[in-house]
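The figures that follow rest on heavy atoms only: side chains count, while hydrogens, waters and symmetry mates do not. In each ligand, atom 1 is the first atom listed, and ligand 1 is the first ligand listed.
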Amino acid sequence: MITVVTYGTFDLFHIGHYRLLRRAKSLGDRLIVGVSTDEFNNKKGKETYQPFEERFRIVKSLPFVDIVIPEVSWEQKINDIKEYSVDIFVIGDDWRGKFDYLSIYCKVIYLPRTKGISSTILREKIRNSNKGSNIIGSFCI
Ligand code: CTP
């Protein structure tokens with residue numbers, strides 16, 4: 001059995017996430033996904049729209065995801081790889097080179113990102129549409 005692992009925040013789950021996870025699963029038999037906790041995101045300086053619980057539940061509901069675990073630190077990857085006997089570590093190519101150090105434990109694969117979509121873009125759109133509604137609101141008043 002080939003076990004694949006990947007990690008991410010998966011805020012405002014979008015088609016780029018879907019494609020990445022589907023391709024990750026196609027590389028093996030079992031897909032484990034680490035979802036970054038809100039505390040870990042704070043450390044990374046990332047503020048999500050959705051809290052951990054929602055992001056975790058959505059990833060868990062996907063038919064090609066077998067196990068979901070919280071990602072709480074940069075360091076846990078090596079432990080996870082050992083604990084779950086991971087064969088392949090997968091992540092989008094925005095991280096190219098950053099996880100090469102894991103190649104002594106398992107195969108490391110960087111998959112091409114889906115172009116034109118990201119959680120950052122979606123958060124920005126929500127922010128702008130909220131600004132718009134505030135303006136309309138204040139005109140109404
Ligand atoms: N990903 C992808 N294509 C995209 C966006 C993300 O393949 N268009 C991949 C990332 O490379 C990563 C995984 O999905 O392997 C989770 O990425 P995440 O950082 O949660 O998503 P982003 O949309 O990149 O989030 P942000 O804009 O907050 O950085």
| said: A cation-pi test, strictly: NZ or CZ of K77 under 6.0 Å from the centre of the six-membered ring of Y7 and no more than 45 degrees from its axis. Yes or no? | reply: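 Flagged: K77 positioned over aromatic ring of Y7.
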| Lys/Arg cation over aromatic W74: K44, 6.0 Å, 45° cone |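 Judged by the rule, K44 and W74 form a cation-pi pair.
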| task | Could you pull out, from S36, G92, A24, the option with a heavy atom nearest to atom 12 (C) of ligand 1? | result |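 The nearest heavy atom belongs to G92.
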May I ask you to say whether [X] pairs ionically with [Y], meaning some side-chain N is under 4.0 Å from a carboxylate O?
X: R113; Y: D94; result: yes
X: R57; Y: E53; result: yes
X: R55; Y: D38; result: yes

| Are side-chain N/O atoms of Y105 and D80 paired as donor and acceptor at under 3.5 Å? |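 Their side chains do not contain a donor-acceptor pair, so the 3.5 Å distance test is not met.
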| Which ligand 1 atoms, with their elements, are less than 4.0 angstrom from a heavy-atom of S119? |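 Near S119, the atoms of ligand 1 are 21 (O), 22 (P), 23 (O), 25 (O), 26 (P), 27 (O), 28 (O).
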| query | Looking at S118, which atoms of ligand 1 are within less than 4.0 Å of one of its heavy atoms? | reply |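 Selected atoms, number and element: 23 (O), 27 (O).
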| Worked check of side chain to side chain donor-acceptor pair (under 3.5 Å) between T3 and D29 | CA-CA 6 Å; T3 299; D29 307 299; over 6 Å; no
| query | Would you say R19 touches ligand 1, if touching means a heavy atom closer than 4.0 Å? | reply |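 Under 4.0 Å: no for R19.
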| request: Using non-hydrogen atoms of the residue, decide whether R123 is closer than 4.0 angstrom to ligand 1. | output: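 In this structure, R123 qualifies as a contact of ligand 1 - some heavy atom is under 4.0 Å.
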Quick test: of every protein heavy atom, which one is nearest to [atom], and how far off is it to 0.1 Å?
atom: atom 3 (N) of ligand 1; answer: T114 N, 3.1 Å
atom: atom 18 (P) of ligand 1; answer: H17 NE2, 3.7 Å
atom: atom 11 (O) of ligand 1; answer: D94 OD1, 2.7 Å
atom: atom 9 (C) of ligand 1; answer: L20 CG, 3.7 Å
atom: atom 6 (C) of ligand 1; answer: R113 NH1, 3.4 Å

| message | Using salt bridge (charged side-chain N to carboxylate O under 4.0 Å, His left out), reason through R123 and D11 one step at a time and then give a plain yes or no. | response | CA-CA 9 Å; R123 283 192 295 267; D11 190 24; 2.7 Å; yes
| Which bit of T120 gets closer than 4.0 Å to ligand 1, counting heavy atoms only: side chain, backbone, both or neither? |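 For T120, backbone and side-chain atoms both sit under 4.0 Å from ligand 1.
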| request: For S119, check side-chain hydrogen bond (donor to acceptor under 3.5 Å, both in side chains) against everything at least two apart and list the hits. | output: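 Checked S119 against side-chain hydrogen bond (donor to acceptor under 3.5 Å, both in side chains); zero matches.
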Counting both backbone and side chain atoms, is some N or O of [X] under 3.5 Å from an N or O of ligand 1?
X: K46; answer: yes
X: T9; answer: yes
X: F10; answer: yes
X: I117; answer: yes

| said: A side-chain contact here means heavy atoms from C-beta on lying under 4.5 Å apart; do L21 and F10 qualify? | reply: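 Yes, at least one pair of side-chain atoms sits under 4.5 Å.
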